[in-house]
Amino acid sequence: MWYQNLSLWIDVSKIIAPVALGILVWLSTRKYNKTQINLANDKLQKELFTEFNERYDRLNESLEELVKYDTLEELKNCETGNDLYYSLSDYFNLCAEEYYWHKKGRIDELIWTSWKKGMDSWYDNNPIIQEAWNNEIEQYGRTAFYMDSNDRLFEVK
């Protein structure tokens, strides 16, 4: 009968119980750590999302004014041309930062896709932005915008 080997079962349980408990503790710790990492990533993404949208909101009026001009030369002759050009540079930097954080996995695909469509819309529909972007890339190179030679922040249609 099983009770005749009771001491054997007690000895076996002394080995199995700590191993089973250790596995349970390891699994629960792993799940907790994964949850904490996900929460931290979500928090960072929300902070980046909020910051980037606030910065875009501050630039939006200047961008709307800037695209009334067809060329950078025309913009230079405008009284507020320098300020508008600086706003456009800020916009390029904002786009590059968004791209950087997306490449690092801190901005998820759904948010990035939405932002990217907006960026492409500004670029595709405004020759002055195309001209300025090409000048920036020519003058400073792609690495100034966190891109390697294969990256395209704005899609050329």
Side-chain angles (χ1 to χ4, degrees), residues 18-157:
V19 170
L21 184 60
I23 290 171
L24 287 174
V25 168
W26 177 74
L27 287 172
S28 64
T29 301
R30 189 169 166 219
K31 180 169 176 48
Y32 174 80
N33 286 340
K34 187 174 182 177
T35 300
Q36 291 303 106
I37 288 168
N38 287 340
L39 288 172
N41 285 340
D42 288 349
K43 182 180 180 197
L44 176 61
Q45 182 168 275
K46 181 183 184 297
E47 289 171 0
L48 290 171
F49 180 84
T50 300
E51 177 192 336
F52 291 151
N53 280 331
E54 286 172 354
R55 287 171 57 191
Y56 176 76
D57 287 344
R58 288 191 301 268
L59 291 170
N60 194 37
E61 190 175 312
S62 295
L63 291 172
E64 290 290 347
E65 184 65 28
L66 177 118
V67 298
K68 292 177 182 175
Y69 302 93
D70 291 324
T71 66
L72 292 176
E73 188 63 39
E74 189 180 326
L75 180 67
K76 287 179 188 176
N77 296 327
C78 162
E79 183 178 316
T80 59
N82 281 340
D83 290 339
L84 291 175
Y85 189 81
Y86 291 136
S87 292
L88 183 56
S89 292
D90 289 343
Y91 175 69
F92 289 153
N93 288 327
L94 173 62
C95 293
E97 288 176 52
E98 290 171 349
Y99 180 68
Y100 171 81
W101 286 109
H102 170 68
K103 276 178 55 172
K104 299 242 339 151
R106 301 299 195 265
I107 300 294
D108 72 24
E109 200 61 39
L110 184 62
I111 293 171
W112 172 248
T113 299
S114 175
W115 285 348
K116 181 74 168 87
K117 283 182 182 181
M119 291 177 204
D120 287 342
S121 177
W122 277 109
Y123 183 84
D124 293 344
N125 296 309
N126 300 289
I128 192 168
I129 292 178
Q130 295 170 15
E131 181 184 0
W133 177 248
N134 291 335
N135 287 351
E136 292 283 322
I137 293 299
E138 191 174 297
Q139 186 172 0
Y140 301 110
R142 295 189 176 284
T143 57
F145 297 98
Y146 312 111
M147 298 184 295
D148 61 34
S149 61
N150 297 322
D151 291 334
R152 298 290 178 262
L153 185 54
F154 296 106
E155 296 297 324
V156 179
K157 303 285 183 198

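Among all heavy-atom pairs drawn from I107 and H102, the shortest one is O-ND1, 3.1 Å. Minimum heavy-atom separation, S121 to N126: O-ND2, 4.2 Å. For the residue pair Y85 and A132, the shortest heavy atom distance occurs at CE1-CB, 4.2 Å. Shown here for Q45 and R106, the closest heavy-atom pair between the two residues is OE1-O, 3.1 Å.
Going from atom CD1 of I128 over to atom CG of L75 covers 4.5 Å, rounded to the nearest 0.5 Å. Rounding to the nearest 0.5 Å gives a distance of 14.0 Å between NZ of K76 and CG of L84. Once rounded to the nearest 0.5 Å, the distance linking CG of N134 with CD1 of I129 reads 12.0 Å. Here N135 contributes atom CG and F92 contributes atom CZ; the two are 9.0 Å apart, rounded to the nearest 0.5 Å. Here the CG-CG distance, from L44 to L39, works out to 12.5 Å after rounding to the nearest 0.5 Å.
Counting only heavy atoms from C-beta outward, the side chains of M119 and W115 approach each other to under 4.5 Å. Side chains of W133 and L88 form no contact here, defined as non-hydrogen atoms less than 4.5 Å apart.
K103 NZ: more than 12 foreign heavy atoms inside a 6.0 Å radius.
A ring pair (Phe, Tyr, Trp, His ring centres under 6.0 Å) with Y100 is found for one member of W112, Y146, F52 and no other, namely Y146. Exactly one of K34, R30, Q36 qualifies for a side-chain contact (heavy atoms from CB on, under 4.5 Å) with Y32. That residue is Q36.
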Distance-only donor-acceptor pairs under 3.5 Å for side chains of residues 56-67, two or more places apart:
| residue | atom | partner | partner atom | Å |
| --- | --- | --- | --- | --- |
| Y56 | OH | N60 | OD1 | 3.3 |
| Y56 | OH | W122 | NE1 | 2.9 |
| S62 | OG | S87 | OG | 3.3 |
| E65 | OE1 | K68 | NZ | 3.1 |

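The backbone N or O of S89 sits nowhere less than 3.5 Å from a side-chain atom of E136 that would complete a donor-acceptor pair. At least one donor-acceptor pair under 3.5 Å links the side chain of T71 to the backbone N or O of E74.
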- Task: Take D42 and K46, measure what salt bridge (charged side-chain N to carboxylate O under 4.0 Å, His left out) needs, and give me the verdict at the end.
- Result: CA-CA 6 Å; D42 288 349; K46 181 183 184 297; over 6 Å; no
- Could you walk me through whether Y99 and F145 pass the side chain to side chain contact (heavy atoms under 4.5 Å, CB included) test, one step at a time? CA-CA 9 Å; Y99 180 68; F145 297 98; over 6 Å; no
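With sequence neighbours left out, the side-chain contact (heavy atoms from CB on, under 4.5 Å) criterion links T143 to no other residue.
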